[in-house]
Amino acid sequence: MEKIKNQNEQNNENGFLADILPKKAWLSLKEACEAKGICYKTACNRTYLQPNNGKSDGNIGGRNKRWRRDTVLNWLLQTDEDLQNGGSYDS
């Protein structure tokens, strides 16, 4: 996990990951999947593929399953294998 955290800090400094995501504080699963390049329907069916293992950061505007931008940035660095093995990263 420390490796992922260090990679995230390094990539954020370069602005690489920040440019991939929409300029919003909260993101939906669909937006997160588009940024990572995975199928939205697959992520819906397999919660381990969702940011934070499917546990949302909050409900925004009456919509559930919303994640903070930094949660999604951390999730983008994880492989499917990391996610399946329970490698969630809590910010």
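Position 1 is the first residue of the sequence; numbering continues from there. Every heavy atom of this structure was used, including side-chain atoms; hydrogens, water molecules and symmetry mates were not.
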Nearest-0.5 Å distance that lies between atom CG in D70 and atom CG in D57
7.5 Å
Can you confirm whether C44 sits close enough to L29 that some side-chain heavy atom of one is under 4.5 Å from a side-chain heavy atom of the other?
yes
Is there a path of hydrophobic side-chain contacts, each under 4.5 Å between heavy atoms of I, L, V, M, F, W or Y residues, that connects V72 with I60?
no
Where do N59 and K65 come nearest, in terms of heavy atoms and distance?
OD1-N, 3.8 Å
Could you tell me the separation between the CG atom of L83 and the CD atom of Q50, rounded to the nearest 0.5 Å?
10.5 Å
Pair T71, N74: side-chain N/O donor-acceptor within cut-off below 3.5 Å:
no
Residues pairing under side chain to side chain donor-acceptor pair (under 3.5 Å) where one sits in residues 31-40, two or more places apart or in two chains, turn out to be K24-E31, S28-E31
Heavy-atom closest contact (A32 atom, L76 atom, distance)
O-CD2, 4.4 Å
With sequence neighbours left out, the residues meeting side chain to side chain contact (heavy atoms under 4.5 Å, CB included) with K23 are D19, R69
Of all heavy-atom pairs linking C33 and C39, the shortest is SG-O, 4.4 Å
Treating W67 as the side-chain partner and G54 as the backbone partner, does any N or O pair qualify as donor plus acceptor under 3.5 Å?
no
Residues that R46 engages under side chain to side chain contact (heavy atoms under 4.5 Å, CB included), provided they are two or more places apart:
T42, Y48, L49
Test item: W26 side-chain N/O and R66 main-chain N/O as donor-acceptor pair under 3.5 Å:
no
